[in-house]
Amino acid sequence: MSQDEAVLAISSLLGDVAGAREVQARSLLTLQSMLGLFCTMADEDALSQQQLNVLLEFGEEVCRETLRTGDPIRPALRGVDVGPWDASEEGTPRLERVDLGGLRVPSSGGPELQPMRDGDLILAVTIIQGPTAVQLQAFSSERAGSWAEIRQQMLNRMRIQGSSASEWAGPVGIEIRAEVPVTDPAGWLTRKFVKVLGCDGPRWTLRGVVSGLGAEPDNADEWAYETFQGTVVVPDFWNGHGTTISLQWPRAVRK
């Protein structure tokens with residue numbers, strides 16, 4: 001395996017969707033080639049033992065999935081033992097949640113909730129826990145399309161606007177990881193990291209935009225993913241117009 005192929009293989013094991021598909025097209029993803037790569041890196045002390053263990057686990061999982069399905073990219077299994085959940089599903093775990101009408105969002109730990117309004121309508125909620133925030137918005141899949149369609153539209157728009165954006169296989173399925181140009185309070189142009197999560201459900205698509213510390217590439221905090229997966233979508237709050245499943249703001253919500 002050449003150096004370029006080794007870099008591509010490691011990138012795919014860490015979740016790079018484009019890299020994983022390229023690795024599959026080149027038939028690089030075999031147990032023999034992966035073990036050879038890891039042994040070489042271990043001999044050269046290119047990785048710590050902890051990093052090597054993580055990559056070995058990724059490699060084993062990806063190879064097993066490729067042998068089983070022929071595809072190293074595994075879709076998220078929703079509504080069986082992981083969320084986000086539909087209000088009609090009986091297997092929804094019992095969690096402390098705030099009822100916002102179209103969404104019931106996890107509230108353990110007392111996070112701050114901020115509504116995103118459009119006139120009299122509440123379209124989304126931003127949940128803030130310490131240095132990390134995730135904005136949740138549910139759409140009617142009949143009008144807005146699937147997560148794959150929404151994701152492609154967002155990728156195209158981000159790239160046109162100057163962001164560096166790519167697809168990665170994350171804990172809740174394929175997500176977008178991006179560096180977005182922003183203007184800081186002093187007026188200087190800078191960049192910030194953003195992750196965009198998404199999942200398809202019956203009649204709906206849930207999107208989560210993660211910002212702050214939880215969007216940093218090397219951050220291991222799972223709170224944003226756990227919040228996304230613990231959310232319950234109530235599609236009956238779609239009014240038949242537009243694309244968004246609207247929210248209601250109860251008086252007891254902490255702002």
Side-chain angles (χ1 to χ4, degrees), residues 11-12 14-22 73-76 78 84 102-103 105 114-119 121-128 131-185 187-201 203-219 224-225 227-229 231 233 235 237-247:
S11 178
S12 71
L14 292 176
D16 182 359
V17 172
R21 289 174 178 148
E22 181 67 18
I73 306 302
R74 233 175 359 123
R78 191 217 61 78
L103 293 177
V105 301
Q114 296 180 351
M116 185 184 84
R117 300 179 183 272
D118 181 11
L121 295 177
I122 301 176
L123 303 181
V125 57
T126 300
I127 309 171
I128 304 170
T132 300
V134 56
Q135 184 188 82
L136 299 176
Q137 186 169 9
F139 301 91
S140 164
S141 54
E142 177 184 334
R143 291 294 184 92
S146 67
W147 168 230
E149 294 169 320
I150 293 173
R151 187 172 69 246
Q152 192 58 56
Q153 293 168 4
M154 291 191 70
L155 280 168
N156 293 340
R157 185 164 60 250
M158 285 178 167
R159 289 165 179 165
I160 290 172
Q161 294 173 348
S163 300
S164 171
S166 58
E167 294 177 300
W168 285 77
V172 297
I174 298 179
E175 63 188 46
I176 297 174
R177 297 186 184 180
E179 281 188 80
V180 181
V182 295
T183 303
D184 66 17
W188 294 97
L189 185 64
T190 184
R191 301 177 78 83
K192 72 174 183 178
F193 291 104
V194 171
K195 292 180 181 178
V196 187
L197 320 179
C199 190
D200 296 315
R203 299 187 293 152
W204 52 261
T205 302
L206 181 66
R207 186 185 71 189
V209 180
V210 183
S211 58
L213 187 61
E216 298 284 336
D218 298 326
N219 185 270
Y225 292 109
T227 298
F228 185 84
Q229 288 187 310
T231 296
V233 181
F237 278 81
W238 180 52
N239 62 11
H241 305 286
T243 61
T244 302
I245 296 171
S246 60
L247 307 184

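Sequential numbering from 1 along the given sequence is applied to the chain's residues. Excluded from the calculations below are hydrogen atoms, water molecules and symmetry mates; all remaining heavy atoms, backbone and side chain alike, are included. Since this is a predicted model, take the numbers as computed values, not measurements.
In this structure, the side chains of Val134 and Val209 stay at 4.5 Å or more apart for every pair of heavy atoms. Residues Ile128 and Gln114 form a side-chain contact, since some pair of their non-hydrogen atoms from C-beta on lies under 4.5 Å apart. At least one side-chain heavy atom of Thr205 sits less than 4.5 Å from a side-chain heavy atom of Ser141. You'll find the side chain of Ser140 stays beyond 4.5 Å of the side chain of Trp204, heavy atoms only. Between Arg207 and Trp147 the shortest side-chain heavy-atom distance falls below 4.5 Å. In this structure, Arg191 and Ser164 have side chains that are in contact, with non-hydrogen atoms separated by less than 4.5 Å. Side chains of Lys195 and Tyr225 form a contact here, defined as non-hydrogen atoms less than 4.5 Å apart.
Distance check, rounded to the nearest 0.5 Å: SG of Cys199 to CD of Glu175 gives 12.5 Å. Of the inter-residue distances, the one linking Leu206 atom CG with Ile150 atom CD1 reads 9.5 Å to the nearest 0.5 angstrom. Expressed to the nearest 0.5 Å, how far CG of Leu136 lies from OG1 of Thr231 amounts to 4.5 Å. In this structure, the separation between OG on Ser246 and CG on Leu103 is 9.5 Å, given to the nearest 0.5 Å. Atoms CG and OG1, from Asn219 and Thr132 in turn, are 6.0 Å apart once rounded to the nearest 0.5 Å.
Listed by first and then second residue, the salt bridge (Lys or Arg N to Asp or Glu O under 4.0 Å) pairs involving residues 135-151 are Arg151-Glu167 (not counting sequence neighbours).
Side chains of Ser163 and Glu179: no donor on one and acceptor on the other come within 3.5 Å.
In this structure, Ala224 and Leu197 approach most closely via the heavy-atom pair O-CD1, 4.5 Å. The two residues Gly102 and Ile245 come nearest to each other via the heavy atoms CA-CG2, 3.9 Å. Considering every non-hydrogen atom in both Glu216 and Phe193, the closest pair reads OE1-CD1, 3.3 Å. When all heavy atoms are compared, the tightest approach of Ser166 to Trp168 is OG-NE1, 3.0 Å.
Checking side-chain atoms of Asp118 against main-chain N and O of Leu121 turns up no donor-acceptor pair under 3.5 Å.
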